[in-house]
Amino acid sequence: MKRNNKEGALFPKCARLLASADYRRVTGPGRKGVSPHFLLFVRFEPAIHEPRLGMTVSRKVGNAVVRNRVKRVIREFFRLNRVRFDPSLECVVISRPRAGRTANTVLTQSLTQLFLPYGSPKSE
RNA sequence: AGAGUGGGCCGGGUGGCCGCUGGUGUGGGUGUUUUCACCCCACUGGAGGAAAGUCCGGGCUCCAUUAAGCAAGACGCCGGGUAACGCCCGGCGGGGGUAACCCCAGGGACAGUGCCACAGAAAGCAAACCGCCGGACAGCAGGCUUCCGGUAAGGGUGAAAGGGUGCGGUAAGAGCGCACCGCGUUUCUCCGGUAACGGAGACGGCAUGGUAAACCCCGUCUGGAGCAAGACCAAAUAGGGAAACGUUUCAGGGCUGCUCGCCCAGUUUCCGGGUAGGUCGCAUGAGGUGUCUGGUAACAGGCAUCCCAGAUGAAUGGUCACCAAUCGGCCUCUUUUGGCUGAGAACAGAACCCGGCUUACAGGCCCACUCUUUUU
RNA sequence: CGGGGUGUAGCGCAGUCUGGUAGCGCAUCGGUUUUGGGAACCGAGGGCCGGAGGUUCGAAUCCUCUCACCCCGA
């Protein structure tokens with residue numbers, strides 16, 4: 001599993017949490033962050049070599065179009081900032097109902113604030 | 001020109017950069033090897049008219065099953081279309097609109113049961129409160145009171161009071177008789193129509209109130225579950241079955257106190273069920289487009305041509321620039337117009353697949369028709 | 001994918017099966033009582049019964065469609 005450090009910010013399948021067990025492991029006791037629009041669960045897994053993301057957007061956030069929009073904003077944020085995170089980072093973002101009524105730029109700012117403690121300072 | 005009715009169509013576009021996902025590749029890399037997994041590269045596909053709600057009908061899969069019946073539910077004018085339908089098309093009847101046109105669960109109320117509040121004398125085999133008319137007895141001045149009988153024209157109640165109008169008739173009245181209108185068809189005949197039904201005539205002579213989206217009767221239809229169906233592969237842990245070991249050394253319990261033997265337990269190997277997880281099902285189909293033929297139409301058939309999403313913690317996006325319809329604000333102007341600036345869509349996201357129905361929807365385009373006004 | 005429930009006054013609920021008067025508690029307003037307030041007592045206001053259509057003389061109630069919310073099962 002080779003790390004591709006090209007200029008382009010990719011988001012391949014191995015950078016996502018895919019199994020239900022992964023979600024249970026990350027959303028268990030651990031570090032958390034809160035914003036008006038999201039909840040963030042974080043866990044560091046030394047065995048992996050690149051940061052991984054999972055997300056949960058429930059039906060209370062909105063209809064299918066709204067939920068897809070929120071998930072795309074989260075994925076896009078993670079894709080563009082992936083190289084700045086710790087390689088052993090595993091995180092799960094859970095949307096709160098308010099996120100469905102919020103503009104994309106505001107959601108991106110909210111995510112930036114949440115992930116600030118986990119980004120590598122030397123990449124700034 | 002204005003107002004309106006019906007039907008059909010579209011659902012922003014172009015380009016740059018960064019991404020996601022299916023397919024293809026004697027492509028490249030990593031995992032010890034691989035047809036496997038992951039990553040990269042190139043080429044090429046990648047949401048809708050409703051993908052929605054899940055209200056019906058099918059295909060498909062598994063289970064059950066002789067047929068039929070019972071129960072339950074749905075449907076219900078006639079004819080046709082369809083794989084099927086509660087859908088669609090064409091008629092009929094009823095209702096609404098000046099009209100184009102729109103709406104209707106539209107079988108049966110002499111098979112039976114129930115209900116019809118309040119008001120009213122009376123609400124269901126009709127009956128008689130106030131009245132109207134006749135007769136009788138008694139009282140008193142007329143006429144009234146009481147009793148008996150005949151009535152349903154008039155009054156009043158109600159959604160509904162057992163045909164309507166007129167003439168005759170009568171003590172007063174009444175389909176009691178007649179004319180016209182209406183009603184009936186489970187009374188008959190004729191004509192048109194496949195039929196629903198329509199038209200005409202005879203007959204009946206007001207009998208037959210409403211409600212079946214009250215129970216019900218009649219006819220038709222329906223076996224159950226649903227792709228998390230179903231088929232296959234199969235980790236860890238626990239448990240099940242089978243075989244072998246137990247010679248030597250330490251080795252548990254039981255059959256007996258001991259030996260042998262047997263059983264349980266133990267160790268090893270194998271087997272099957274099966275969870276997490278994975279693969280298939282999984283997109284060539286009642287398919288799309290064009291054209292011809294039949295049919296008023298729904299639709300059917302022939303020929304040609306095309307392959308057009310397949311995710312699974314769930315892809316089809318983000319950002320920048322320009323253009324476009326439209327809308328808001330400001331300035332100029334009598335208005336038209338012109339200029340600047342801002343917003344720049346709406347409803348909404350495939351999840352096994354089709355046929356419908358219903359609901360949501362910014363803005364725009366096309367066709368046909370109706371009414372009104374003006375001009376010729 | 002399948003199944004069920006709720007919507008009635010500002011809030012919480014009856015009434016729907018079996019059609020005809022919309023009611024209860026808290027809250028609100030006015031009055032009595034008190035030096036004043038609370039409590040208590042007396043009285044009043046407030047609803048097109050989630051929406052649309054239909055059946056019926058008449059619909060919160062029956063039927064159809066629809067909207068929103070909630071809860072189960074796989």
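Order of the sequence lines fixes the chain letters, A, B, ..., with proteins taken first and strands second; residue numbering starts at 1 for each chain. Everything quoted here is computed from the prediction, not taken from an experiment.
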Quick one: pull up [atom1] in [X] and [atom2] in [Y] and give me the separation to the nearest 0.5 Å.
X: A:Arg82; Y: A:Arg79; atom1: CZ; atom2: CZ; value: 10.0 Å
X: A:Leu80; Y: A:Phe11; atom1: CG; atom2: CZ; value: 11.0 Å
X: A:Cys91; Y: A:Phe78; atom1: SG; atom2: CZ; value: 5.0 Å
X: A:Ile74; Y: A:Leu40; atom1: CD1; atom2: CG; value: 10.0 Å

For A:Arg67, which contact category applies under a 4.0 Å heavy-atom criterion: base, sugar-phosphate, or nothing?
-> nothing
May I ask you to say what A:Asn63 touches in the nucleic acid, namely base, sugar-phosphate or nothing, with a heavy-atom cut-off under 4.0 Å?
-> sugar-phosphate
If we call it a pair only when both distances are under 3.5 Å in a Watson-Crick or G-U wobble match, what pairs with [N]?
N: B:G4; value: B:C369
N: B:A42; value: B:U24
N: B:U358; value: B:A52
N: B:U335; value: none
N: B:U237; value: none
N: B:A109; value: none
N: B:C167; value: B:G177
N: B:U326; value: B:A343

Apply the syn/anti split at 90° from 0 to [N] and say which one it is.
N: B:G49; value: syn
N: B:A225; value: anti
N: C:C24; value: anti
N: B:A283; value: syn
N: B:G175; value: syn

Looking at [X] and [Y], would you say the former's side chain and the latter's main chain have a donor-acceptor pair under 3.5 Å?
X: A:Arg96; Y: A:Ser35; value: yes
X: A:Arg98; Y: A:His37; value: no
X: A:Arg101; Y: A:Gly62; value: no

Rounded to whole Å, please give me the gap between [atom1] in [X] and [atom2] in [N].
X: A:Phe77; N: B:C18; atom1: CZ; atom2: C1'; value: 16 Å
X: A:Leu107; N: B:U319; atom1: CG; atom2: P; value: 12 Å
X: A:Ile94; N: B:G313; atom1: CD1; atom2: C1'; value: 12 Å
X: A:Phe78; N: B:G318; atom1: CZ; atom2: C1'; value: 17 Å
X: A:Asn81; N: B:U319; atom1: CG; atom2: P; value: 15 Å
X: A:Glu76; N: B:U21; atom1: CD; atom2: P; value: 13 Å
X: A:Lys71; N: B:A315; atom1: NZ; atom2: C1'; value: 10 Å
X: A:Asp22; N: B:A276; atom1: CG; atom2: C1'; value: 12 Å

At less than 4.0 Å, is any side-chain N or O atom of [X] found next to OP1 or OP2 of [N]? Yes or no.
X: A:Asn68; N: B:G317; result: no
X: A:Arg16; N: B:U21; result: yes
X: A:Lys13; N: B:U312; result: yes
X: A:Arg72; N: B:U316; result: yes
X: A:Arg75; N: B:A314; result: yes

Give me the distance, rounded to whole Å, that separates [N] from [M] when you measure between the [atom1] atoms they each carry.
N: B:U319; M: B:G59; atom1: P; result: 48 Å
N: B:U259; M: B:A251; atom1: P; result: 12 Å
N: B:A68; M: B:U113; atom1: C1'; result: 32 Å
N: C:A44; M: B:A128; atom1: C1'; result: 49 Å
N: B:G106; M: B:A213; atom1: C1'; result: 13 Å
N: B:C41; M: B:U341; atom1: C1'; result: 48 Å
N: B:G13; M: B:C357; atom1: P; result: 28 Å
N: B:G107; M: B:G49; atom1: C1'; result: 39 Å

Stepwise side-chain contact (heavy atoms from CB on, under 4.5 Å) check, A:Arg67 with A:Arg59 = CA-CA 8 Å; A:Arg67 294 199 301 270; A:Arg59 205 167 53 84; 3.7 Å; yes
Among all residues two or more places apart in sequence or in another chain, which pass the side chain to side chain contact (heavy atoms under 4.5 Å, CB included) test with A:Asp22?
-> A:Leu17, A:Ala19, A:Arg25, A:Arg52
Is the A:Tyr118 ring parallel, tilted or perpendicular to the A:Phe44 ring (thresholds 30°, 60°)?
-> tilted
Selected nucleotide, minimal atom distance to A:Arg79 side chain, candidates B:A315, B:C39, B:C18 = B:C18
Has A:Phe11 got its ring stacked on B:G19, by the test of a centre gap below 5.5 Å and a plane angle below 30°?
-> no
Between A:Ala64 and A:Asn104, who's closer to the 5' end of RNA chain B by nearest nucleotide?
-> A:Asn104
A:Val66 vs A:Leu53, nearer the 5' end of RNA chain B by closest nucleotide | A:Leu53
Stepwise side-chain contact (heavy atoms from CB on, under 4.5 Å) test for A:Val93 and A:Phe115 = CA-CA 10 Å; A:Val93 176; A:Phe115 276 92; 4.2 Å; yes
RNA chain C: stems of at least 3 consecutive Watson-Crick or G-U pairs, cut-off 3.5 Å?
-> C:1-7 with C:67-73, C:10-13 with C:23-26, C:28-32 with C:40-44, C:50-54 with C:62-66
